[in-house]
> 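Have a look at this one before I ask anything.
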2 protein chains.
Amino acid sequence: MRDVAKLAGVSHQTVSRVLNEHPNVRQETRARVLEAMESLDYRRNLAARTLVTRQSHTLGIIGFETTLFGPASMLYGIEDAARTAGYLVSIATFRNLERRPVLEAVDRLRQHAVDGIIAIAPKHAVTDALTQAPAGLSCVAVGGAGGGDGVPTVRVDNAGGAQLATRHLLDLGHRTVHHVAGPGDWPEAQERIAGWRETLTAAGAEVPPILPQSWNAETGYVQGQALARDPAVTAIFCANDRIALGVLRALHEAGRKVPEEVSVVGFDDMPDSGYFLPPLTTVRQDFAELGRLSLALLLQHMAGPESPAHVVVTPELVVRASTAAPPKRRSRR
Amino acid sequence: MRDVAKLAGVSHQTVSRVLNEHPNVRQETRARVLEAMESLDYRRNLAARTLVTRQSHTLGIIGFETTLFGPASMLYGIEDAARTAGYLVSIATFRNLERRPVLEAVDRLRQHAVDGIIAIAPKHAVTDALTQAPAGLSCVAVGGAGGGDGVPTVRVDNAGGAQLATRHLLDLGHRTVHHVAGPGDWPEAQERIAGWRETLTAAGAEVPPILPQSWNAETGYVQGQALARDPAVTAIFCANDRIALGVLRALHEAGRKVPEEVSVVGFDDMPDSGYFLPPLTTVRQDFAELGRLSLALLLQHMAGPESPAHVVVTPELVVRASTAAPPKRRSRR
DNA sequence: TTCAGGAGTGTTACCGTTCCCAATCCCGGC
DNA sequence: GCCGGGATTGGGAACGGTAACACTCCTGAA
């Protein structure tokens with residue numbers, strides 16, 4: 001910077017002003033400085049800037065299982081938006097959903113003086129940990145449970161999504177809809193259960209028992225085998241697409257045709273759900289958009305920490321080939 | 001830091017020495033300082049440290065399509081290893097595989113003074129761009145084409161993997177093996193083609209034509225439809241699992257049974273490949289391990305920039321239910 | 001007893017910015 | 001022609017660490 005100042009024949013302070021687009025610099029001077037910067041291939045030292053301004057222009061993301069499509073897409077969306085807003089993104093993942101590891105991740109990011117944090121927070125433990133973050137550090141939670149907590153959140157209307165799926169199946173003429181749920185201690189799974197249950201109840205349909213376990217295909221496979229044995233089962237709503245994949249396999253192996261005999265609906269709309277056997281009807285979440293929104297919320301919160309806002313995104317039903325009317329002999333009454 | 005020094009009754013320099021584990025500090029003094037740090041909840045200001053040492057203790061990752069399982073897993077592996085090595089990880093993604101966007105990403109990271117860069121580099125353009133990175137900044141490319149370039153690389157033995165798959169099918173008794181290739185301008189796709197072709201040639205089998213297109217399920221579906229029409233086709237090696245998913249769907253819809261009539265092999269071993277219909281035999285890449293290795297290579301290169309090393313990881317065949325001997329009437333001779 | 005040398009500690013300078021304040025210049029109004 | 005005030009610029013002083021060097025002890029050998 002000193003070199004630039006010397007070359008342009010001004011003080012280092014003026015160079016700084018040009019850099020920060022301070023209004024009170026004469027056009028001509030500014031041009032001279034810019035030229036000098038150009039010819040010296042100058043770039044400002046962000047560490048020095050951070051030292052004095054206490055702003056690193058870096059945002060932190062803490063995430064769990066970032067290897068899966070959902071979290072990875074959110075991260076992608078966040079990074080994309082952060083870039084256009086002039087921020088770099090640092091990540092800190094944690095291996096289990098306890099308070100401790102989350103706080104450690106926050107701490108690590110804090111050490112590096114991030115200006116704000118977005119947590120991909122599928123469980124309350126994460127959001128709770130966030131409320132313990134030091135004051136003055138803006139945090140936003142995305143993707144998990146909403147909450148009246150002190151932390152702004154962005155989330156999907158899981159209950160609404162589940163309702164969409166259930167409604168769709170009922171409208172096709174199914175007497176009731178079975179559900180293969182996600183893990184019982186995940187708010188997202190709970191909300192989907194709630195949405196499903198309420199829709200059935202409102203329609204006066206019987207509410208079959210559920211056995212919440214996990215998010216993966218194996219769960220779907222195991223529970224799908226049981227459901228396949230029950231001839232009364234004609235419609236299954238799965239808590240996510242991976243579970244649906246397992247269910248489809250179980251049904252197929254049991255010789256029950258989809259969608260002729262049994263209809264199946266998923267949740268998420270993973271990249272290749274449209275190529276399952278058969279192509280999966282599912283509830284689509286736009287993860288990247290979720291990421292973008294959470295970044296916008298974070299920036300807003302950083303600018304003026306008003307009362308924490310909560311953004312809810314509405315998912316959308318994508319109808320493909322895994323759902324149809326129930327077989328004739330079983331149609332209502 | 002000044003406060004800590006005052007509380008411990010020493011100079012700030014001594015505090016610094018304790019912080020950096022300098023040997024020449026008396027046990028007792030060290031203890032006093034540590035206690036003071038504890039009671040003041042002191043944490044060093046990394047910006048200041050970076051300013052003077054020119055080391056940010058931050059690593060950069062540049063990545064493409066980090067939303068997919070492979071890249072996301074590598075990122076995960078890298079972050080994991082980086083954490084234990086005391087580094088934070090920042091990411092910069094780019095949207096297309098040209099030189100420009102890649103260089104911009106590198107530049108962004110450089111502005112933030114990262115100590116090194118790992119590029120998830122599926123195409124040569126990325127690796128090439130890396131060689132233009134400023135001297136003194138260590139770079140490693142992972143996951144794409146290896147190269148005698150000036151950049152250390154970590155990659156999977158794609159040809160070997162393809163050979164494994166092809167060999168497996170030939171050993172089952174298939175006359176030849178068809179291939180649904182990935183995009184022709186991706187080195188990984190090329191290597192898999194080469195491995196497949198060589199294996200066939202070495203076995204004296206006919207080499208069917210290929211039509212390299214893209215990595216997704218749609219490609220598999222479209223090409224699978226054509227292959228399904230040809231009764232001579234009994235074995236298909238797909239360039240990745242997503243393609244295999246599409247092929248499976250096409251075969252199923254054409255009424256050709258897998259594996260009784262046609263065998264299918266994938267590549268990658270995505271999380272739920274074991275729940276495809278039928279469970280997919282595939283070639284497994286350990287992406288997270290790839291990430292860890294690339295980090296190790298980067299650290300090594302940062303410590304002493306010797307001649308660029310190249311690490312090659314051997315993939316492994318996972319046999320599941322999508323492969324079997326060809327139907328009797330078509331067995332050899 | 002003297003002195004070399006290492007352990008332990010403090011002093012000062014500096015890393016590259018931005019902030020605060022003062023200085024200078026220029027303009028219009030009286 | 002003098003003066004108030006905004007525009008423009010420059011000169012330090014931070015920011016919170018680390019590096020280099022100097023200094024004070026203390027020990028052991030000559």
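Note on naming: letters A, B, ... go to the chains in the order of the sequence lines (proteins, then strands), and numbering restarts at 1 for each one.
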> So for the helix from C/dT1-D/dA30 to C/dC30-D/dG1, with five pairs setting each end axis, what is the inter-axis angle to 10°?
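Inter-axis angle at the termini of the helix from C/dT1-D/dA30 to C/dC30-D/dG1: 50°.
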> Which residues pass the salt bridge (charged side-chain N to carboxylate O under 4.0 Å, His left out) test with A/Asp115, not counting sequence neighbours?
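By the salt bridge (charged side-chain N to carboxylate O under 4.0 Å, His left out) rule, A/Asp115 matches no residue at all.
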> Quickly work out the A/Leu46 CG to C/dG16 C1' distance and round it to whole Å.
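Distance check: A/Leu46 CG to C/dG16 C1' gives 11 Å.
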> Would you mind telling me which residue lines up with the more 5' stretch of DNA chain D, B/Gln13 or B/Ala47, judged by nearest nucleotide?
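The residue closer to the strand's 5' end, by nearest nucleotide, is B/Ala47.
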> For B/Met302 and B/Leu298: C-alpha separation, side-chain torsions, deciding distance, then whether side-chain contact (heavy atoms from CB on, under 4.5 Å) applies.
CA-CA 6 Å; B/Met302 277 163 49; B/Leu298 178 63; 3.8 Å; yes
> In a table with atom names and distances, give each donor-acceptor pair under 3.5 Å that connects a side chain of residues 28-52 of chain B to protein atoms at least two apart or in another chain.
unit_1: B/Arg32; atom_1: NH1; unit_2: B/Ala8; atom_2: O; d: 2.6
unit_1: B/Ser39; atom_1: OG; unit_2: B/Ala36; atom_2: O; d: 3.2
unit_1: B/Asp41; atom_1: OD1; unit_2: B/Arg43; atom_2: NH2; d: 3.0
unit_1: B/Arg43; atom_1: NH1; unit_2: A/Asp107; atom_2: OD1; d: 2.6
unit_1: B/Arg43; atom_1: NH1; unit_2: A/Asp107; atom_2: OD2; d: 2.9
unit_1: B/Arg44; atom_1: NH2; unit_2: B/Asn20; atom_2: OD1; d: 2.8
unit_1: B/Asn45; atom_1: OD1; unit_2: B/Ala47; atom_2: N; d: 2.8
unit_1: B/Asn45; atom_1: OD1; unit_2: B/Ala48; atom_2: N; d: 3.1
unit_1: B/Arg49; atom_1: NH1; unit_2: B/Asn20; atom_2: OD1; d: 3.4
unit_1: B/Arg49; atom_1: NH2; unit_2: B/His57; atom_2: NE2; d: 3.2
unit_1: B/Thr50; atom_1: OG1; unit_2: B/Leu46; atom_2: O; d: 2.8
unit_1: B/Thr50; atom_1: OG1; unit_2: B/Gln55; atom_2: O; d: 3.3

> So which nucleotide from C/dT9, D/dG12, D/dC15 ends up closest to the side chain of A/His12?
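The answer is D/dG12, which lies nearest to the side chain.
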> A/Val10 has a side chain; which of D/dG10, C/dG16, C/dT18 sits nearest to it?
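Side chain of A/Val10 sits closest to D/dG10.
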> State plainly whether the residues A/Glu188 and A/Lys123 are in salt-bridge range, i.e. N to O under 4.0 Å.
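Between A/Lys123 and A/Glu188 there is no salt bridge, as every charged N stays at least 4.0 Å from the carboxylate O atoms.
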> By side chain to side chain donor-acceptor pair (under 3.5 Å), which residues pair with B/Arg108, not counting sequence neighbours?
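Testing B/Arg108 for side chain to side chain donor-acceptor pair (under 3.5 Å), a comparison that skips the adjacent residues, returns A/Glu79.
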> Distance check needed: C/dT18 P versus A/Arg2 CZ, whole Å only.
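One finds 15 Å between P of C/dT18 and CZ of A/Arg2, rounded.
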> Expressed in angstrom and rounded to an integer, what is the separation of B/Asn45 atom CG from D/dG17 atom C1'?
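It is 7 Å, rounded to the nearest whole Å.
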> Just the rounded figure in Å: distance from P of D/dG16 to CG of B/Leu40.
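Value for this atom pair: 14 Å.
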> Need one value for B/Asn24: base, sugar-phosphate or nothing, where a base atom within 4.0 Å counts as base even if backbone is also close, heavy atoms only.
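Answer is base: heavy atoms of B/Asn24 come under 4.0 Å of a base.
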> Let me know the distance between NZ of B/Lys6 and C1' of C/dG10, rounded to the nearest Å.
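Rounded to the whole Å, the gap is 16 Å.
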> Below the 4.0 Å mark, does C/dG10 have OP1 or OP2 next to a side-chain nitrogen or oxygen of B/Thr14?
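For C/dG10, OP1 or OP2 has a side-chain N or O of B/Thr14 closer than 4.0 Å.
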> For B/Arg49 and C/dC14, give me the distance from atom CZ to atom C1', rounded to whole Å.
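In whole Å, C/dC14 C1' and B/Arg49 CZ are 17 Å from each other.
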> With a 4.0 Å cutoff (strictly under), does any side-chain N or O of B/Arg54 reach OP1 or OP2 of C/dG16?
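For C/dG16, OP1 or OP2 has a side-chain N or O of B/Arg54 closer than 4.0 Å.
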> Does A/Arg43 or B/Thr29 map to a spot on DNA chain C nearer the 5' end, using the closest nucleotide for each?
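Its nearest nucleotide lies further toward 5', so the answer is B/Thr29.
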> Check every strand shown and say whether A/Val25 touches a base, only sugar-phosphate, or nothing at a heavy-atom separation below 4.0 Å.
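Here A/Val25 touches the backbone only, sparing every base.
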> Output the single nucleotide from C/dT18, C/dG10, C/dC15 whose closest atom is nearest the side chain of B/Ser11.
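Comparing C/dT18, C/dG10, C/dC15 against the side chain of B/Ser11, the answer is C/dG10.
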> Where the side chain of A/Arg26 is concerned, which of C/dG8, D/dT8, D/dG17 is the nearest nucleotide?
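Closest nucleotide to the A/Arg26 side chain: D/dT8.
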> If you pin B/Arg17 and B/Val52 to their nearest nucleotides in DNA chain D, which one's is more 5'?
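That would be B/Val52.
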> With respect to the side chain of B/Leu51, which nucleotide from C/dG16, C/dA7, D/dA13 is positioned closest?
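Taking heavy atoms from C-beta onward, the closest nucleotide is C/dG16.
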> Can you measure B/Asp3 atom CG to D/dG17 atom C1' for me and round it to whole angstrom units?
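My rounded result for the distance is 14 Å.
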> Ignoring hydrogens and geometry, is there a side-chain-to-backbone donor-acceptor pair from B/Ser16 to B/Thr14 under 3.5 Å?
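No: the side chain of B/Ser16 does not pair with the backbone of B/Thr14.
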> Rounded to whole angstrom units, what separation is found between the NE2 atom of A/His112 and the P atom of D/dG17?
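Value for this atom pair: 14 Å.
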> Can you name the side chain to side chain contact (heavy atoms under 4.5 Å, CB included) partners of B/Arg99, sequence neighbours left out?
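Applying side chain to side chain contact (heavy atoms under 4.5 Å, CB included) to B/Arg99 gives B/Leu103, B/Asp128, B/Ala129, B/Gln132.
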> With sequence neighbours left out, write down each residue that passes salt bridge (charged side-chain N to carboxylate O under 4.0 Å, His left out) with B/Asp3, or none if nothing qualifies.
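Expected list: none.
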